[in-house]
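Counting starts at 1 for both ligands and their atoms, in listed order.
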Amino acid sequence: MVLREIADREAAEAGSATLRVGYQGEPGAYGEVAAAAHGGAPHGFASFEKVLEALRDGGIDEAVLPMENAVVGAITEALEPLAQAVVDGLELVAVGLTSVPVRLSLAARPGTPLVEVKRAWSHPAALRQCTHRLASMGIERVVCYDTAGAAQIVAQDSSTDAAVCSRRAAERYGLEVLLEDVSDKEQNGTRFVHLRMADHARAQVPLAFLRTSSMTATGRLDVLTGATLLPLAGNAEFPVRMWVLGADAARLQALAPVRDVQVISLGQPAAHAAKMVPPKQGTEPVVKSLPFATARRPPTVVEVGPLRIGAGARAMIAGPCSVESPEQVMRIAREVAACGATALRGGIFKPRTNPYAFQGHGLDALEWLVAAGKETGLPVVTEVMAVDQVQPVAAKADVLQIGARNMQNFDLLRAVGRAGRPVLLKRGAGATVDEWLGAAEYVMASGEARVILCERGIRTFETSTRNTLDVGGMLAARPLTHLPIMADPSHAAGRADLVEGLARAAWAAGADGLIVEVHDDPARALSDGEQALVPARFQELSRALALHPDARLPLAQLRAWVDAIDHDLAELVQRRLEVARVIGDSKRKTGRAVLDPRREAAVRRTYLEALPGSRELADRLVDLLIQAARAQQSIED
Ligand code: PEP
Ligand code: MN
């Protein structure tokens with residue numbers, strides 16, 4: 001049985017003939033099993049180099065190469081030629097993975113007694129998988145190019161030599177199986193990668209190739225939770241080289257020291273680019289002393305009703321700095337809910353620099369906040385400043401906020417950790433990323449796993465902004481923790497005119513969410529009026545971040561929303577036409593055909609994936625785009 005790791009791959013291009021899939025070896029080889037796994041027609045080649053050449057020259061549509069075996073690890077025999085081909089400029093993408101269970105048999109010509117067998121032929125990778133078993137029987141290993149090829153050699157020979165191959169290959173060449181399962185490990189299996197030319201397919205599996213001459217450079221790759229590292233022996237020119245499976249190139253680039261490491265990516269699934277890779281089981285936390293906050297585990301998703309944050313889900317928490325009256329918070333809640341906010345914020349206990357400034361309406365305001373949340377269907381987020389506030393607030397609020405000033409109030413952290421509510425943990429204005437994670441550890445160690453980190457600006461020498469939004473710190477925290485990380489552009493800016501820019505910057509940098517202060521009468525706000533967005537500005541921001549409005553928004557404003565989308569769409573179409581023209585020019589220069597049916601099939605797949613359930617719309621859009629590109633080409637011609 002073949003395990004299909006990427007089960008939903010399309011078996012063949014829409015409308016075209018059967019996919020021709022190249023593998024290395026004779027019929028009956030494990031490569032043939034992988035090549036046939038997705039409905040393709042297998043074609044055997046004598047070497048991995050020949051498979052890759054055939055792919056380059058169009059003799060096959062797809063190549064399958066073994067990458068990794070459960071017993072011996074990286075299959076350097078295949079990975080080295082692949083690295084060479086990539087270095088030589090072959091533009092490939094990885095479109096799938098197939099795991100083939102490997103059961104190696106020792107087979108000889110019928111009638112050969114096991115004790116007479118002195119030599120066993122096979123592919124070096126297969127021989128390495130049964131080093132100990134063969135040695136214990138005093139059988140010498142003889143290298144040839146393929147497991148099935150070994151069976152063929154033995155069948156044509158008149159000696160008592162045996163082959164290490166699959167039962168299938170043994171039977172195919174008329175050999176008798178003397179021993180089943182001669183590999184050194186019970187659960188043996190080989191992972192094959194399916195490769196296609198980059199201009200004919202979209203990458204679906206992140207696979208990157210690293211060139212580096214320094215061993216220490218690869219040490220930090222340990223942080224790549226979940227990635228499979230496939231080291232190669234390398235050559236004199238690049239003493240250490242490595243394939244990395246399961247980590248996108250952007251993360252590799254970020255982790256690898258700049259000097260001396262070159263990352264060559266065979267692509268990554270576009271739709272999954274922002275997602276974290278799953279962690280490797282049973283490995284140490286990233287920071288040993290912070291086992292909860294930096295555990296290597298899949299991204300934590302915090303979910304309370306419509307508020308969903310982490311692992312690609314993004315949140316928008318909005319509302320006033322302070323809950324000032326039942327009417328004020330109700331009005332603002334309606335405004336932000338209509339714009340697609342997923343939670344309502346509002347302070348009831350306010351940490352103020354000046355003791356005579358408004359301190360919050362306390363537990364009365366909690367009732368007003370909760371009522372507004374109920375009315376609009378939004379969960380509510382509010383700050384607790386003292387241990388004795390935790391219980392009464394946790395009884396009614398959905399998320400407990402720890403303010404920047406309290407990030408290292410350890411008793412408070414422990415108390416919210418026991419309260420049974422998710423915690424939004426602001427970073428202190430003078431706290432390092434490590435200290436911030438340490439604070440999260442307090443909450444988690446006290447029992448609460450649902451912690452959301454929030455960067456809200458740190459104190460620097462700069463006085464033109466209230467704080468400095470530390471997007472770099474936010475990004476630096478990303479590979480260290482599975483917890484969602486959001487940004488607060490309002491407290492970072494301290495000025496309404498900068499909020500949208502900072503919000504967009506944090507969003508573009510991959511923040512899992514934003515918390516934004518909104519007030520419908522900032523001039524009369526009881527706190528932080530200078531940095532509050534009025535509802536109309538908040539609406540523009542929400543539109544820019546592609547939030548979904550709801551039917552409560554007045555019709556004219558909903559139209560403005562859809563107008564903005566149309567504007568973006570039209571601009572994207574224009575951009576697409578321009579780039580398509582550049583591609584056409586480039587193809588003409590190099591004498592390649594401008595129109596390519598396989599390329600067209602790949603474009604159709606992209607639209608179908610983005611428009612699930614709207615096949616006709618997807619097809620018609622592609623038709624229009626291709627028609628436009630053609631019209632443009634003939635004008636040029
Ligand atoms: C707030 O969210 O209103 C607040 C006081 O934030 P911070 O603790 O980040 O200053
Ligand atoms: Mn505030």
Side-chain angles (χ1 to χ4, degrees), residues 307 315-324 328-329 332 336 341 343-355 357-362 365-366 369 379-386 389 393 397-409 412-413 416 422-431 433 435-436 439-440 443 451-460 465-471 473-474 485-496 498-499 502-503 506 511 513-534 538:
L307 173 68
M316 171 63 91
I317 306 173
C321 178
S322 294
V323 175
E324 299 171 5
Q328 174 248 18
V329 68
I332 297 171
V336 299
L344 176 66
R345 65 149 288 148
I348 59 172
F349 299 108
K350 294 306 302 177
R352 304 305 299 278
T353 303
N354 186 315
F358 174 64
Q359 302 286 307
H361 285 307
L366 180 60
L369 177 68
V380 302
V381 182
T382 198
E383 177 173 350
V384 285
M385 287 171 50
Q389 294 165 359
V393 175
D398 299 285
V399 177
L400 303 179
Q401 177 176 321
I402 295 294
R405 293 155 191 84
N406 276 313
M407 192 204 82
Q408 286 192 318
N409 181 339
L412 183 61
L413 294 174
V416 293
V423 175
L424 192 162
L425 178 62
K426 296 275 193 97
R427 176 182 176 187
V433 168
E435 288 162 345
W436 189 19
V443 177
V451 177
I452 304 164
L453 298 168
C454 181
E455 158 60 35
R456 45 79 73 200
I458 53 174
R459 186 163 276 195
T460 68
T465 47
R466 185 176 177 184
N467 291 284
T468 299
L469 185 69
D470 187 15
V471 178
M474 200 182 85
I485 306 174
M486 61 187 310
D488 174 346
S490 304
H491 290 88
R495 302 165 38 175
L498 306 185
V499 169
L502 288 179
L514 297 177
I515 179 165
V516 176
E517 288 188 345
V518 178
H519 202 290
D520 56 0
D521 189 1
R524 267 185 275 261
L526 296 180
S527 62
D528 285 351
E530 331 69 66
Q531 68 196 35
L533 293 186
V534 293
F538 178 71

_Lys350, Arg466, Arg456, Arg352 screened by salt bridge (charged side-chain N to carboxylate O under 4.0 Å, His left out) with Asp528, the one that passes_ =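 The single option meeting the salt bridge (charged side-chain N to carboxylate O under 4.0 Å, His left out) with Asp528 is Arg466.
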*May I ask you to say whether Glu517 pairs ionically with Arg345, meaning some side-chain N is under 4.0 Å from a carboxylate O?*
yes
*Go around the Mn ion (ligand 2) and count every protein N, O or S atom nearer than 2.8 Å.*
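Every protein N, O or S atom under 2.8 Å from the Mn ion (ligand 2) counted, the figure is 4.
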*Apply salt bridge (charged side-chain N to carboxylate O under 4.0 Å, His left out) to the pair Arg524 and Glu324, showing each step before the final yes or no.*
CA-CA 10 Å; Arg524 267 185 275 261; Glu324 299 171 5; over 6 Å; no
*Answer yes or no: is there a donor N or O on one side and an acceptor on the other, between the side chain of Gln359 and the main chain of His361, under 3.5 Å?*
no
*Listed by chain and number, what are the salt bridge (Lys or Arg N to Asp or Glu O under 4.0 Å) partners of Asp398, not counting sequence neighbours?*
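With neighbours one apart ignored, the set is empty.
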*Check salt bridge (Lys or Arg N to Asp or Glu O under 4.0 Å) between Arg405 and all other residues, then give those that pass, not counting sequence neighbours.*
none
*At a 4.0 angstrom heavy-atom cut-off, what protein residues surround ligand 1?*
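Contacting ligand 1 under 4.0 Å are Cys321, Arg345, Lys350, Pro351, Glu383, Gln401, Gly403, Ala404, Arg405, Lys426, Arg456, His491, Glu517.
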If you take all heavy atoms of [X] and [Y], which pair is closest and at what distance?
X	Y	value
Ile515	Pro489	O-CD, 3.4 Å
Trp436	Ile485	CH2-CG2, 4.0 Å
Val516	Ser490	CA-OG, 3.5 Å

